[in-house]
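Heavy atoms only: backbone and side chains are in, while hydrogens, waters and symmetry mates are out. Lettering follows sequence order; numbering is per chain, from 1.
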Amino acid sequence: MPELPEVETVRRGLEPVMTGQRLVRVEQNRPDLRFPFPPRFRERLEGQSVLSLGRRAKYLLVDLSSGEVLIMHLGMSGRFTIIDPTQKQSPGAFHHDTGGTALHDHVVFHLESGAHIIYNDPRRFGFMDLQPRHSIETSRHFKSMGLEPLGNELNGDRIRTLFEGKKAPLKAALLDQSLIAGLGNIYVCEALYRAGLSPKRRAGTLSSPRGVMKEKADELAKIIRDVLNEAVEAGGSSLRDFAQTDGSLGYFQHRFRVYDREGKNCLTKSCGGVIKRLVQSGRSTFYCPKWQK
DNA sequence: AAGCGAACCTGGCTGC
DNA sequence: TGCAGCCAGGTTCGCT
């Protein structure tokens, strides 16, 4: 379930296992995922040490001793599984215990510690790339990327500026990675619900300098940060299981207030509305028509 | 030029 | 039980 909080959870799970480790061997089981792997992918990784693990929006960034950065995106179905023989494993927890290669295991990183990390991605919407560290900001994945929602940059003023004059629905504007980078379908629905804003409203209406909308952009900015931070913390609480599970359990899903709740009652106190589903730019939007205006 | 729908893939679930 | 149809966390491309 890789939106920003899930990617951050993955980063935190991989960090203690990979940091300072040399990549002794890399298996690459097919020529491409969403895009072809970069030329000499394995050769450029093998023998390098991992200096640190970072994240930008939904991208994982592995800083290597070669001066290159391994850029990884999980797409819709990408998952990492850590196999660490020095750690005890819960019995029968995982098919990888056999040491065999499971279907859709596309890349395996072998570390000098003896641990290895498997990248599995049935739909192959994920991808991996290598770019020099000094030019990462101008590389094709990042050059037109919007601001980081969990940094200090996101506030009401930035939202007002970014959305000024926009006729696109608010839902679409929040999903636009060139404006704010990292929000996905679930957390946009959740944030709009908490803010009481209709996903169908024109994004530009948040830029109004006066009237009832004056403070709404400030409120939305805070809510976006809150929703993401809560989800990161919920993911963090599941990190204990990171190495042994297949990651299919949603960390945060039992906390959804609106996502995937079509036909259920609106949880806003005394609202009495019913959650509706509609399709915007090809994706499901869940919202309460009575409460979100 | 912004804004929208389709495309890229596989797998899981629902309903006939 | 089998099979068709629909749906899914994201991004990119191409058409208005």
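For the OP1/OP2 pair of C:dT11 and a distance below 4.0 Å, the side-chain nitrogens and oxygens of A:Q177 include at least one atom meeting the criterion. Considering only side-chain N and O atoms, A:H73 lies under 4.0 angstrom from the phosphate OP1 or OP2 of C:dT11.
Rounded to whole angstrom, the span from the NE2 atom of A:H141 across to the P atom of C:dG10 amounts to 17 Å. When the C1' atom of C:dG10 is taken as reference, atom CG of A:L175 falls 10 Å away, rounded to whole Å. Rounded to a whole Å, the CG atom of A:D121 is 13 Å from the C1' atom of C:dT11. We find that NZ of A:K143 is positioned 15 Å from P of C:dT11, with the value rounded to whole Å. Taking atom CG on A:L183 and atom P on C:dG10, their separation rounds to 10 Å, with Å as the unit. The distance between atom CG of A:D260 and atom C1' of C:dC7, rounded to the nearest whole Å, is 10 Å. Rounded to whole angstrom, the span from the CZ atom of A:R140 across to the C1' atom of C:dC13 amounts to 13 Å. Computed from coordinates, the A:I180 CD1 to C:dG10 P distance equals 15 Å when rounded to whole Å.
With salt bridges taken as basic N to acidic carboxylate O contacts below 4.0 Å, one links A:E68 and A:R44. Comment: A:E148 engages A:R55 in a salt bridge, judged by a side-chain N to carboxylate O separation of less than 4.0 angstrom. At a threshold of 4.0 Å, the pair A:D218-A:K222 does not count as salt-bridged, since none of the basic side-chain nitrogens sits closer than that to a carboxylate oxygen. Using a 4.0 Å cut-off between a side-chain N of Lys or Arg and a carboxylate O of Asp or Glu, A:E15 and A:R12 do not qualify as a salt bridge. Electrostatic pairing of A:D32 and A:R30 counts as a salt bridge here, judged by a charged N lying under 4.0 Å from a carboxylate O. Salt bridge status for A:R79 with A:D121: absent, with no side-chain N to carboxylate O gap under 4.0 Å.
In this structure, A:R194 is not positioned above the aromatic face of A:Y187 in the sense of NZ or CZ being under 6.0 Å from the six-membered ring centre and within 45° of the axis.
Within the nucleic acid shown, A:S284 comes within 4.0 Å of sugar-phosphate atoms alone, with no base atom in reach, counting heavy atoms only.
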Nucleotide by nucleotide, 5' to 3', does protein get under 4.0 Å of the base (B), only the sugar-phosphate (S), or neither (-) in nucleotides 3-16 of chain B, counting heavy atoms?
SSS--BBBS-----
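A ring-centre distance under 6.0 Å is found for A:F127 and A:H141.
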In dot-bracket, 5' to 3', how would DNA chain B read with Watson-Crick or G-U wobble pairs under 3.5 Å, [ ] for crossing ones and | for pairs to another strand?
.|||||||.|||||||
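Among residue pairs with one or both ends in residues 200-233 of chain A, none qualify as ring pair (Phe, Tyr, Trp, His ring centres under 6.0 Å); sequence neighbours excluded.
Separating the P atom of B:dG5 from that of C:dC7 is a span of 15 Å, rounded to the nearest Å.
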